[in-house]
Amino acid sequence: MNRQEAAAQYAGALKQGRRAYREAVARGRYPYPQVLDEIISDAMVAGQAELGVIEIPISQIAGTKTAGRRSAFSADFLPLLDPDTEFAGKWMSLCEAHLGDEGIRDPIRCYEYFGHFYVQEGNKRVSVLRSYDAPTIPAYVIRMIPVWTEDPAVLAYYDFMQSFPKTGLYRARFSRAGSFVKLQKALGYEPDHIWTEDERRRFIAGYTYFQEPFLKLGGGEIPITTADAMLVWLKVYSFDDLISFPSAELTRSIKAVWADIKALSEPIAVQTDTPEVKENNLLGRIFKGKQPSHLNVAFISDQLPCQSDWARAHDLGREYLETVMEDHVTTQTFYGVHPDQEAETAMETAIENGAQMILAITPPLIGACRKTAARHPDVRILNCSVSMPYAGVRTYYGRIYEAKYIAGAIAGALSRSGRIGYVASNPIFGVPASINAFALGAQLTNPQAEVIVRWSCVEQDAMDALAWEGVSVIANRDIPTPDRIREPWGLCRIEEGKFHSLASPYWHWGSVYTNLIRSVLSGGWEALGASAGQAVNYWWGMNSRAVDILLGDDLPAGVRKLAEILRKGIIDGSIQPFPEATPEKILQMDTLLDCVRGSIPQYEELLPMARPLVRLQGVYRDAIPPEKEDPIL
């Protein structure tokens, strides 16, 4: 390259830089590179780490270390000074070197803070390479480590620092902690796998290939990163798909999961009321004619009703649905299918047989649900679980804590010692709320009551252990359906070494399914989607008859009357176990009240049989490294 060509390159870069400057000023943005010394103080930095010379993405160079020379560049490091200045002359000389035999060899020196780079030496080298759209530049990097807090951005950054020695990735940044280990799983690597240079280059090629259609579809307008979106995509497709898909097919596949990508930036919509739409309402008129008059509904389970009380309860709910809505519903059943490919095949078969709605009754089926939803966006797909961040698959569950509150009040009234046992199932969403609601109910009738918690996911004989400790009133597992009373289920009292049932919360899946179908037939499904535009979790309670409590025949009359008053108050809304808490906070509750003796068990304490469910629905699931056989959440 001769001087004339270098001058032409500078003229083009100057034109772009000044245009960027004018646009920034017009939009009220800072028009120059940011200055790190003006952004942070010593109190914000926990320490420094020298990373040595590495290739860094030029797109992540955000500014300079000090204020010197910042007015010579636009915010994206293109030049602003006239061509006859000394600055321009040096810029052109570097330009000549860049395309000549010599090249720009010396690495720049910069500081990194929260994944952005701030140049200390080599601003003009950055500017020249930026004008040629070079993707990377060699740099000696000093990392400024932010002080640790529980701010999500800080947690995500610390997660990045932990993963960097394995991946060497700066280009792919996530906004949520725990994402890098999920990326490792999505790529088929073990959590501690250290990437080779070929693996890194292959990933960056795929990442760059994904980024272009993602941004063209509007990804830059969503407050998430390209890596966040790519991880959502990889939960449905494989990285080999990404490399092999033609551009048009890749764009179509991103569109297929676009609702889930957008849902990342929105909180999950927890729906606590049955979403029916009447024709005389605005939304009812809008969606009139769009909803079907008859639904073909497929029930999918990885368990058999003859072997699982949970599966039997849902199948009874299906039978109830057929009885109540026989003129509007046809059902199919696929039970005992494996959660992976077999479940997907069952869903595809159901759709071929005319299924317009799929109800997958256990959390492990969420992976098959998501893949099927991407292929069939017109089919309504639901998974019986909570707090799943996917707009393409809705979830449903019951507010069982409301019935637990009543059971706690009964326990408090009947416990002579005030020591009440509670056998908890698993540390999953909703269970801490149930324990706390039970404790609040117990203290309503016995202010000195304390609840002793033992976990069946930690010890198989939790009920006997409490009885051995001399606890005479114990809340055991709930009965699966009101037609199947078996002792010692529910709230029990121990007399002469025998368990006697007093009351038990239960799930009424027939009501849940009837409410869901009526919602679809009335336009509630479409109306909710139009108004929320986010992941939806139906979390219905006693007012929807999704859950209830069965009172034993031997319950004292006064206690029975109290339970009925509480039940009526919860149904009409005048009584609430957690009056100040939002549904989201109740669902995400992960601590226990002071009157509860016991703690939430850690993952390492769980029995092997309990771990798969806790990986999917655990209150600390984001902190558990995924395993190869698990779906990526």
Side-chain angles (χ1 to χ4, degrees), residues 150 155 158-159 162 176-178 180-182 184-185 190-192 302-303 308-310 339 362-364 366 385-388 397 400-401 404 408 419-439 442 450-471 473-478 488-492 505 585-633:
E150 292 190 358
L155 295 177
Y158 269 71
D159 185 53
Q162 185 177 11
R176 291 164 175 77
F180 277 99
V181 72
K182 293 177 181 178
Q184 291 273 61
K185 171 181 164 45
E190 296 295 336
D192 293 329
D302 57 347
Q303 303 168 349
S308 162
D309 286 310
W310 180 263
T362 60
I366 186 65
S385 57
V386 290
S387 200
M388 293 291 189
Y397 214 64
I400 199 71
Y401 76 86
K404 295 281 191 180
R419 297 176 69 244
I420 303 168
Y422 189 107
V423 178
S425 57
N426 296 286
I428 60 177
F429 293 118
V431 168
S434 291
I435 298 171
N436 289 336
F438 181 89
E450 64 175 15
V451 176
I452 305 166
V453 173
R454 304 293 284 264
W455 295 84
S456 62
C457 59
V458 174
E459 51 184 332
Q460 294 181 332
D461 57 350
M463 183 80 165
D464 292 336
L466 285 167
W468 182 259
E469 293 176 14
V471 180
V473 177
I474 304 172
N476 195 20
R477 293 194 305 162
D478 311 321
W489 286 54
L491 181 66
C492 302
K585 287 186 177 181
I586 298 171
L587 185 58
Q588 301 287 337
M589 201 174 284
D590 60 0
T591 58
L592 302 178
L593 297 177
D594 291 341
C595 62
V596 176
R597 302 291 175 260
S599 60
I600 296 175
Q602 296 302 307
Y603 181 76
E604 294 74 19
E605 302 176 61
L606 305 180
L607 295 171
M609 66 184 71
R611 293 185 177 186
L613 178 61
V614 175
R615 282 182 169 277
L616 288 169
Q617 295 279 264
V619 293
Y620 44 66
R621 68 183 180 193
D622 289 341
I624 305 173
E627 294 179 346
K628 284 189 174 181
E629 61 272 17
D630 299 327
I632 310 169
L633 296 178

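In what follows, residues are counted from 1 in the order of the sequence shown.
Salt-bridge check for E605 with R611: failed, with every basic side-chain N at 4.0 Å or more from each acidic carboxylate O. Ion pairing between R176 and D622 fails under the 4.0 Å rule for side-chain N and carboxylate O.
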Sequence neighbours left out, cut at 3.5 Å: what donor-acceptor pairs do the side chains of residues 591-601 make with other protein atoms?
{"from": "R597", "atom 1": "NE", "to": "E450", "atom 2": "OE1", "distance (Å)": "3.0"}
{"from": "R597", "atom 1": "NH1", "to": "D594", "atom 2": "O", "distance (Å)": "2.6"}
{"from": "R597", "atom 1": "NH2", "to": "E450", "atom 2": "OE1", "distance (Å)": "3.3"}

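By the 4.5 Å heavy-atom criterion applied to side chains, R454 and E459 are counted as neighbours. Within the 4.5 Å cutoff, side-chain heavy atoms of M609 are placed close to those of Q460. The shortest side-chain heavy-atom distance between F438 and V451 falls under the 4.5 Å cut-off. With contacts defined as side-chain heavy-atom distances shorter than 4.5 Å, the pair T362/Q303 qualifies. Between V458 and L606, the closest side-chain pair of non-hydrogen atoms falls below 4.5 Å. Annotation: side chain of D464 is not in contact with side chain of W468 (no heavy-atom distance under 4.5 Å). The shortest side-chain heavy-atom distance between Y397 and S385 does not fall under the 4.5 Å cut-off. In this structure, the side chains of I366 and L616 come closer than 4.5 Å at one or more pairs of heavy atoms.
Closest approach of I400 and S434 over heavy atoms only: CG2-OG, 3.3 Å. Nearest heavy atom pair, residue P505 against residue D478, reads O-CB, 3.2 Å. Closest approach of V471 and G421 over heavy atoms only: CG1-N, 3.3 Å. Nearest heavy-atom pair across L613 and P363 is CD1-CG, 3.8 Å. Considering all non-hydrogen atoms of both residues, V453 and A424 come closest at CG1-CB, 4.1 Å. When every heavy atom of E150 is checked against every heavy atom of L155, the shortest pair comes out as O-CD1, 3.6 Å.
A distance of 10.5 Å separates CD in Q162 from CZ in F180, rounded to the nearest 0.5 Å. To the nearest 0.5 angstrom, W455 atom CH2 is 13.0 Å from L607 atom CG. Atoms SG and CG, on C492 and N476 in that order, are 6.0 Å from each other to the nearest 0.5 Å.
A donor-acceptor pair under 3.5 Å is absent between the side-chain atoms of S387 and the main chain of F429, judged by distance alone.
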#### Entry: Test log, rule side-chain contact (heavy atoms from CB on, under 4.5 Å), inputs M463 and I474
CA-CA 8 Å; M463 183 80 165; I474 304 172; 3.5 Å; yes
### Message
Using side-chain contact (heavy atoms from CB on, under 4.5 Å), reason through Y422 and I435 one step at a time and then give a plain yes or no.
### Response
CA-CA 8 Å; Y422 189 107; I435 298 171; 3.6 Å; yes
### Task
Test L491 against V473 for side-chain contact (heavy atoms from CB on, under 4.5 Å), laying out the working first.
CA-CA 7 Å; L491 181 66; V473 177; 3.8 Å; yes
### Message
Show, in sequence, the C-alpha distance, side-chain angles and deciding distance for M388 and Q617, and conclude whether the side-chain contact (heavy atoms from CB on, under 4.5 Å) test is met.
### Response
CA-CA 9 Å; M388 293 291 189; Q617 295 279 264; 3.3 Å; yes
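Residues meeting the side chain to side chain donor-acceptor pair (under 3.5 Å) test with Y603, sequence neighbours left out: R615.
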